[in-house]
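Everything on this sheet refers to the single structure shown next.
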Amino acid sequence: MQNRHLTKLFRVAFAFRGTLDSMAEENSSLNIWPEIEKAEKENRRELVLQGSAIDKKIQSSDGLHPQLYSLSLLNYLEISQCPSLHEIHDNIRHLSQLQSLILCRNKITSVPKSIGDLKAIKVLDLSVNQLQALPEEICALSELNTLNVSCNSITALPDGLSKCVKLASINVSKNALSRLPDDLWCSNLELLSSIIASENEIEELSSEISNLSALKVLDLSSNKLKELPFELADCPKLKETNFKGNKLKDKRLEKMVNGCQTKSVLDYLRAGGRGKGKGKQPDGEVSEKLDGGRNVSKKKSGAKQKGKKEAEEVDELNRMVVRVLHVSKAPTEITVKVSAGIKDVRPYIVCCVVKGMNLRQGNALKRFLAAQTKLHDEICAKRTTATIATHDLSLLKSPLLYDVRPPDTLKIVPLGRKETKAADLLKQLQQDADELRKQKKRQNVSGLHKYLQLLDGKALYPCLVDAEDHVISFPPITNSERTKIKRSTQELFLEVTSSTSLQICKDVMDALIIKMAELNKLTFDGKEDVGLDEETDVISDRPAEDPASPELTVVQVKVVDVDGNLKVVYPSKTDLMSDTSNLTVIR
């Protein structure tokens, strides 16, 4: 009898112990995250949760820590690069002071309706997730200025976006949209200046687009458009359009849009397009006199030949040429050696040399720098996946070394600053960011400050070093003033680095070179006045000649390991395989 009582007692004790262990484990998994605890203690207005360390916490906690939703003072929240994040809790409504909500590069499948309660939201970024729809409540965000839902699987946008009267930029690229909502063309959206809807299945562009008086940028490339409305030419501020990759009925217009000639496209539409002489004609005008049938065949043949000639002329005018020079044929070979320690910090790099880029005329340099910034924001995902650096080749001392160094020993002359240690530079940039937050009442901060967290917790920093041990690049933060490009720059050394993958480096470099070809063609066709160098007020100390053509030459650059073994050469035979119809790559 006594033994049975003891057995029962032990069973109860073990069961109780198991319950305690289970509770302890649960409490352990729900221990407040130090990032959240710090934000709470310091009454922080901004919080960034990013990368693999945060992803592991999300995985172990089965979602975001609930304490996050109690940080009611936040006006900037970023949670990114966390593939274990699949949903956002309804309690997001408690963050009523949020002005910027960045939830990109996760695997979120749905957005709670309570997002409509965030009345102060100005920037909403849900890009690179697994969304198939957006809640209608998103249309209640009356302060919304920027909406980015690119790279999802969204099939339709909610009706009612016209209620977001302060909307200035919308990016819905790389989704599964077959149409854009009718009220997106509403005149209430008088601030809407940018619509990016590339790589969808959109079949029609509304003629009501002319209601958008502030529209400057319109990208509907790689869709299923067959026609462009003539009313597009009535958008008074439209400066940049992209309709490449659409099979338009008007083949002459298709060649124009593939050449990215916005002004030519708008002028063509304004004049009524190629069909202006067919069908609808002024009263009293006869389309064609048969004249007894004798001249009909001749006229038709002449018209056909004329149309073919015009099409060929347009095709030739739009043609961009990039010539690849094999490294063995380069007069002076440039090699980048990669140290062994870089693999644990930022392991991927591709480089090349570009010749023939004309930065001397008009606003060519400004356009090039603006294009680089745009690539950083878009294909580089705000520098989180890759970073571009451009250098004046004449100022480089090769061979180059891609290396890692401690923050206190890495020295660089940052753009627009004096030489400093990397640790001091980041500290100064952080102080600048804090001061700017105070001045702007802690609103979103632009510039380098939003990239500082990418180096958090790193014991070593990546850098590109020349033969004289000068650091010429400190990705993803800044380049060196020593190799800064100017109007007088004639040959450029390009570098793209990434902590994600080599293919991303190549994709970004492809996009950069294609953009450079477009800009060089634009400068060549524009025949702008040659500008003075911003710093020296001289064009160059070398004789300058107007380029005979906008052709670019890309010289291969090898990247090797410490033993000289080849790691990558760019561009290889599989690079620059663009589907851009008016780009010719000569290898």
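None of the values given here were measured: they were computed from a predicted structure.
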Residues Glu518, Lys244: salt bridge by 4.0 Å N-O rule: yes
Straight-line distance of Trp185 CH2 to Ile195 CD1, nearest 0.5 Å: 4.5 Å
Qualifying residue, where the test is side chain to side chain donor-acceptor pair (under 3.5 Å) with Glu143 and the options are Lys119, Gln99, Lys166, Lys122: Lys166
Donor-acceptor contact below 3.5 Å, side chain Arg93 vs main chain Asp117: no
Member of Thr483, Ile472, Ile485 meeting the side chain to side chain contact (heavy atoms under 4.5 Å, CB included) criterion with Leu395: Thr483
Heavy-atom check, side chain of Tyr402 versus side chain of Glu495, under 4.5 Å: no
Backbone N/O of Ser150 and side chain of Ser173: donor-acceptor pair under 3.5 Å: no
Backbone N/O of Pro66 and side chain of Asn91: donor-acceptor pair under 3.5 Å: no
Test item: side-chain donor near acceptor, Gln50 and Ser80, under 3.5 Å: yes
Min side-chain heavy-atom separation Gln97-Leu74 under 4.5 Å: no
Presence of salt bridge, Arg482 and Glu419, under 4.0 angstrom: yes
Shortest non-hydrogen contact between His89 and Tyr69, atoms and distance: N-OH, 3.2 Å
Minimum heavy-atom distance Asp90-Ser114, with the two atoms named: O-OG, 2.8 Å
Ile138/Val111 under side chain to side chain contact (heavy atoms under 4.5 Å, CB included): CA gap, chis, key distance, verdict: CA-CA 9 Å; Ile138 213 167; Val111 178; 5.8 Å; no
Flag side-chain contact, heavy atom, 4.5 Å: Ile513 against Cys352: yes
Backbone of Ser221 reached by a side-chain donor or acceptor of Asp219 within 3.5 Å: yes
Close side-chain approach of Thr390 and Gln372, heavy atoms under 4.5 Å: yes
Residues, nucleotides or ligands: over 12 heavy atoms within 6.0 Å of Lys174 NZ: no
Arg405 bridged to Asp469 by N-O distance under 4.0 Å: yes
Reported CD1-to-CG distance for the pair Ile121 and Leu77, which is rounded to 0.5 angstrom: 8.5 Å
Donor-acceptor contact present, side-chain Asn75 to main-chain Leu98, <3.5 Å: no
Glu378 atom CD, over 12 foreign heavy atoms within 6.0 Å: yes
Distance (rounded to the nearest 0.5 Å) between Met509 CE and Leu494 CG: 5.0 Å
Side chain to side chain contact (heavy atoms under 4.5 Å, CB included) between Leu157 and Leu134, worked out: CA-CA 7 Å; Leu157 295 177; Leu134 296 174; 4.1 Å; yes
Side-chain touch Val354/Leu512, heavy atoms, less than 4.5 angstrom: no
Nearest atoms (heavy-atom pairs only) where Ala386 meets Val508: CB-CG2, 4.0 Å
Modelled atom types, side-chain donor and acceptor of Thr387 and Arg346, under 3.5 Å: yes
Side-chain donor/acceptor of Arg45 to backbone N/O of Asn43, under 3.5 Å: yes
Thr262 side chain to Thr241 side chain, donor-acceptor N/O pair below 3.5 angstrom: yes
Distance (rounded to the nearest 0.5 Å) between Asp466 CG and Leu401 CG: 10.0 Å
Side chain to side chain donor-acceptor pair (under 3.5 Å) assessment of Ser222 paired with Ser198: CA-CA 6 Å; Ser222 301; Ser198 57; over 6 Å; no
Closest contact, heavy atoms only, Ala511 versus Ile379: CB-CD1, 4.1 Å
Spacing of CG belonging to Asp575 relative to CG belonging to Asp507, to within rounding of 0.5 Å: 9.0 Å
Greater than 12 external heavy atoms within 6.0 Å of Gln132's CD: no
Side-chain heavy-atom pair Val123, Tyr76 within 4.5 angstrom cut-off: no
Parallel, tilted or perpendicular: ring planes of Phe493 versus His391, cut at 30 and 60 degrees: tilted
Cys380 backbone acceptor or donor facing Thr385 side chain under 3.5 Å: yes
Exercise: identify the closest heavy-atom pair between Asn223 and Glu199: ND2-N, 3.9 Å
Distance, nearest 0.5 Å, that separates CG of Asp424 from OG1 of Thr420: 4.5 Å
Qualifying residue, where the test is side chain to side chain contact (heavy atoms under 4.5 Å, CB included) with Ile154 and the options are Asn200, Asn175, Leu126, Val172: Asn175
Over 12 non-hydrogen atoms of neighbours within 6.0 angstrom of CD in Glu136: no
Student check: side-chain heavy atoms of Pro34 and Lys57 closer than 4.5 Å: yes
Closest heavy-atom pair and its distance - Ile115, Pro135: CG2-CG, 4.2 Å
Flag, side chain of His376 to backbone of Ile388, donor-acceptor distance under 3.5 Å: yes
Ile349 and Cys351: CA distance, side-chain angles, deciding distance, side chain to side chain contact (heavy atoms under 4.5 Å, CB included) verdict: CA-CA 7 Å; Ile349 182 171; Cys351 305; 3.8 Å; yes
Leu238 and Leu212, any side-chain heavy atoms less than 4.5 Å apart: no
Heavy-atom donor-acceptor pair, Asn129 side chain to Ser127 backbone, under 3.5 Å: yes
Steps toward side chain to side chain contact (heavy atoms under 4.5 Å, CB included) verdict (Glu481, Lys484): CA-CA 5 Å; Glu481 185 74 21; Lys484 176 182 176 182; 3.6 Å; yes
Thr489/Asp392 under side chain to side chain donor-acceptor pair (under 3.5 Å): CA gap, chis, key distance, verdict: CA-CA 6 Å; Thr489 299; Asp392 188 323; 2.9 Å; yes
